[in-house]
Number of protein chains: 4
Amino acid sequence: MKKRIAVGVLAATGAVGQRFVQLLADHPWFEVVAVTGSERTVGRPYGEGVKWVIPGDPPPSVAGLIVQDTQPDLDVQVLFSALPTKKAREMEPVFAEAGYAVITNASAYRMAEHVPLLIPEINPDHTQVIATQQAKRNWSGFIVASPNCSTTSAVLPMKVFQDAFGLEAAIMTTMQAISGAGYPGVPSLAILDNVIPYIGGEDEKLEAEPKKLLGSVETGTIRLADIRLSAQANRVPVIDGHLASVSVKLSRKASPAEAIEALESWQPPAICVQLPTSPNRPLIYRHENDRPQPKLDRDSEDGLAWSVGKVRDCDVLDLRYLSITHNTLRGAASGSILNAELLVVQGCIQ
Amino acid sequence: MKKRIAVGVLAATGAVGQRFVQLLADHPWFEVVAVTGSERTVGRPYGEGVKWVIPGDPPPSVAGLIVQDTQPDLDVQVLFSALPTKKAREMEPVFAEAGYAVITNASAYRMAEHVPLLIPEINPDHTQVIATQQAKRNWSGFIVASPNCSTTSAVLPMKVFQDAFGLEAAIMTTMQAISGAGYPGVPSLAILDNVIPYIGGEDEKLEAEPKKLLGSVETGTIRLADIRLSAQANRVPVIDGHLASVSVKLSRKASPAEAIEALESWQPPAICVQLPTSPNRPLIYRHENDRPQPKLDRDSEDGLAWSVGKVRDCDVLDLRYLSITHNTLRGAASGSILNAELLVVQGCIQ
Amino acid sequence: MKKRIAVGVLAATGAVGQRFVQLLADHPWFEVVAVTGSERTVGRPYGEGVKWVIPGDPPPSVAGLIVQDTQPDLDVQVLFSALPTKKAREMEPVFAEAGYAVITNASAYRMAEHVPLLIPEINPDHTQVIATQQAKRNWSGFIVASPNCSTTSAVLPMKVFQDAFGLEAAIMTTMQAISGAGYPGVPSLAILDNVIPYIGGEDEKLEAEPKKLLGSVETGTIRLADIRLSAQANRVPVIDGHLASVSVKLSRKASPAEAIEALESWQPPAICVQLPTSPNRPLIYRHENDRPQPKLDRDSEDGLAWSVGKVRDCDVLDLRYLSITHNTLRGAASGSILNAELLVVQGCIQ
Amino acid sequence: MKKRIAVGVLAATGAVGQRFVQLLADHPWFEVVAVTGSERTVGRPYGEGVKWVIPGDPPPSVAGLIVQDTQPDLDVQVLFSALPTKKAREMEPVFAEAGYAVITNASAYRMAEHVPLLIPEINPDHTQVIATQQAKRNWSGFIVASPNCSTTSAVLPMKVFQDAFGLEAAIMTTMQAISGAGYPGVPSLAILDNVIPYIGGEDEKLEAEPKKLLGSVETGTIRLADIRLSAQANRVPVIDGHLASVSVKLSRKASPAEAIEALESWQPPAICVQLPTSPNRPLIYRHENDRPQPKLDRDSEDGLAWSVGKVRDCDVLDLRYLSITHNTLRGAASGSILNAELLVVQGCIQ
């Protein structure tokens, strides 16, 4: 077994950071050797400083690491960032400038020019713009971002339909899990027996990010896809798993049967097979009339699959469908790890 | 105080029937003197036979009534029907033929020709077709239906927009409470920590009933409105209150500000003021960005108000909005009671 | 109608403070004319500064009041305190010294000597020690405390059994609602699909406060009852209503039938009938084998009743029972209002 | 790899039966070759007939099996029974008489004389009475039962304390998951935002079964332990994991520190190490003051561990503690599989 790549996790003590730590504990290519955290935890062993909020316990291999400050003196080349937005906005460029490869789950630079907004199954070629990113900003490192967890849940069928029929517009209503808000996140008094039809900034992300994910690379720049989008994000009393209810307008009409055929015959880009975390079946079409469901489908393929169902005619646009992903796995930590794996295979990370 | 009108409740032992019994207990115009129930309960005092599933206790005035079989030998002229669909399909015409005024919450005859699908705030004039209903079928009684609880939640803003701007299409995604499924209804194991994107027949009702509610009466017949509709109904872990997320296409463009103005200046038909159950404010526009919410808004105006919010531009159609009503009150029992009150004022019930 | 007594609410912007404001809006004896709040809200109209977290809207009569700092320059004689513990510890004596009658829901002085821990139905005579409290501390005002909401839920049957059979010991396991933790309180990610067997300080309160409530006044001092207590408090995913599961050891054996008879024949002290908020039936014994339940029983008598059930033999001690009260009404705001009413009737408040 | 033992699952289409099927799919010793089900499903392939209610999908190895009637003509020697109580009472003796080894999860014969009520970690020697069972009833097969899932959650610490200090009495209050009621089980309308303080027959099982589990075998018969028990079972809105809050009276006083030491140093009987499903750490003591929690601890050791915590002084009896197990794994299907493994090692199953 070859030596693993030393990596660090920024904001490792938060909820998303914990997921990174947990998922990377047994990773074949990466080894967590540095963790950063809030002032309260800096200088303490991770296992003591962290308030662990996900099932299980902190992995022993990381529990003993001393939590460091979030400064560019970490002895690694690759960083997984779970920084909160404001801190990410401030520090991620500092790390990129200092030569680190920053694989981020934060929203700060998702829509920034020349920062790939990346899902290996959708747009692995977008990493081409990293060179432009570095040249324009005079950085030796770079930033690669994962999309918002709600964007992720909705977007793969859009990609399939875009390729097969052309995609002109999408109206999305999401039902999103509380884990998407982190910890402490949503007060129980606010969400038990309730739906909260507001998640700060989420509608805007849902209406912007798919255009970048479904865009194309032209001369070192990402050209946004020309798709009209409309979104309403809702928080529901579900622990994990974002469900998107989507109606789409296609460039050429397709029947539900054709659309289902397109989904079921879809294959991810060939490079995905080389990524160790890559699921066997990234897209699972459920034929039952009451699927996909967050509780039953979020954990498919270790939380890395899109479960899609109920493709039907839409009497207003063209087609309706439902799509679910696990928001803290596919939609956050695991998605970023897949991105890092892709960067290794593409030679952007050594 | 004048003598109250004697009424009966069909299927009074079920969840909706219990609501009828509870709400009618202190009604100024109606007095429950007959209740029917399942074979198990027939012949027993209501208070003993019923398995009470809503807060509080059976009202003493009804608890002592002997549960009767659901047959047209009840000593009243007015019936509130909470019959299950199949039984409603069989028995409601029998009652109508026998001269009873059947105010039903069941779905069996909602879309039947010449049966008014009625919400007093929306289409009180549709009761004109009762005469045609009686003439065509040779009935001395009649059937008047309430719409599905999910239709109700979405439809009032449609009406306002139809009147103000013309309405061409609507895409609806609903998040519906478990009480809509009655008792025992949805298994807890199915819905806790979950969303179920399927409610049998609900999408079809959402795509059909608004056309009738928003239709017009022409020569004794209801002409369906020419609106394209697309619906996805979802069950969420909420006890009461259906939330509809809707995008609409208008005949003439309107800004969110104009649409909000239309909602806030809307007045119900003048006749509504004569109905004792009629809410002071049937339509409440919430300006907060996280409202309406089922838990906070379902009980407004004793569960009889539509709480509407988040009117915004939709980049695909024209406008988006959210609307909530209490599904077992406005959307079921209270709605039917309002219908009965309207029929009294219009002279269809003596 | 005579003039109402002007009162203030300390920490009126918090969850308990909101309840005070809501409940006092239409009170026949009290009128809220002063509200205090956090630094963020001081100087703003209450209706703007408050982040309203309970159903409904801020009452108009209070919405316009300017939020004041929590300092003893309020133009009232009577204060309802919803202060957090630390602030209560600091400020309540300051107010008492300055001549205010402080009716508090905070825990800071519940067990303090000569501070009545008061439930009108249980120990209205304990207000006798107010004189001692004032004399010992040289205060012109005084503090009267309400017990913890979990203590309240368990204690009334103890009182009844103490009077009827003598009470030697009680083992309590509570299942407590999330509203008991205020807002934001318990994170949804912590409690959804979970039980948290820990509420800070709660076991200690449950093991101390009943001794004071069930104690006796001797020469101006409260003598604690000699009862052994053992408690385990648990947080459950319930919005309102604390359920206590209790086993008791009696001084003389009693059958379940005798115990139920004692509960059903119990009458509150005569003075309670003079209190306007006093429920008609403070103790409701439920004979169903699956009652009391938080959802079905918490709102009985406007949230002021104890619902008790399942009195059975305990093969280890003597008897088991279950008891529920609404934690933010009977167990908090309404309980304190009842205490204030008692103080008016007893002449301690003018 | 040696040939696996062919086994059947009775009532394989129900919720517990599905767990058996899922857990046995990759079992090193057992292979499911026969499944029985309700009349509706008999004759159909299992994968089609079953309404799968647990995460994942039916295992392919079983999906193709034709569902058979529950009659003693199954071509296996070993049966896992997930039969409902009534059917179990009728059919399990028929199977035992016909020579089958019936490892049951049903309650029908748990307390029957000479039927071992078995948890390998607690009383593996109780299988000695199988010989008596067969002799007395003239059976060639036999029945071995698993205890109720709530009994299981509470009982291991009792065993440890019994061995270390002697055990005289226990007062138990349980908070039990909805999955314990099977599917459809508890209506969501009954349990969301609620606690139901009643589970049919559960208190009686909790007050009887520990006496048998903690009893001793004397001359081919199980002698019940002389322990006084008192139980109150509650249903809470938790999906999986039963939490027991217990106070115990010991024969000789022990401090919490001694009790925790006894728990942490406890080792399961030596034979357990030979059982492939046996967890590495069957008893995990949690030192945090807010553990164990159903959501965080139920899955420890693949759902086979007891997570115990909060051992404290009880001022009424001697000690209090909390204990959790996963009710459908340790408390049901996995527990029965462990029992079968034990029977293989002991030579009772070939």
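Reminder, nothing fancy here: chain letters follow the sequence lines and each chain counts from 1. The basis for the numbers below is simple: all heavy atoms, side chains too, and nothing from hydrogens, waters or symmetry mates.
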Who among [options] has the most heavy-atom pairs with chain C under 4.5 Å?
options	result
D:S247, D:C314, D:A177, D:P294	D:P294
D:D315, D:L317, D:L322	D:D315
D:R298, D:E207, D:E168	D:R298
D:V238, D:D193, D:I324	D:D193

To the nearest 0.5 Å, what is the distance between [atom1] on [X] and [atom2] on [Y]?
X	Y	atom1	atom2	result
C:N234	D:Q293	CG	CD	10.5 Å
D:L296	C:N194	CG	CG	5.5 Å
D:I239	C:L192	CD1	CG	7.5 Å
D:Y198	C:E288	OH	CD	12.5 Å
C:M175	D:M175	CE	CE	5.5 Å
C:K310	D:Q232	NZ	CD	4.0 Å

Tell me if the [atom1] atom of [X] is crowded by more than 12 foreign heavy atoms within 6.0 Å.
X	atom1	value
C:D302	CG	no
D:D226	CG	no
D:D163	CG	yes

When you measure from the side chain of D:K295 to the backbone of C:A190, do you find a donor-acceptor pair of N or O atoms at a distance under 3.5 Å?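 Checked: no pair found.
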
Do you know which of [options] has the most heavy-atom pairs with chain D at a distance under 4.5 angstrom?
options	result
C:R228, C:R291, C:K249	C:R228
C:V236, C:D313, C:N289, C:T173	C:N289
C:D290, C:V316, C:I199, C:D203	C:V316

Sort [X] into side chain, backbone, both or neither according to what part of it lies under 4.5 angstrom from a heavy atom of chain D.
X	answer
C:R235	neither
C:V195	both
C:L229	backbone
C:A170	backbone

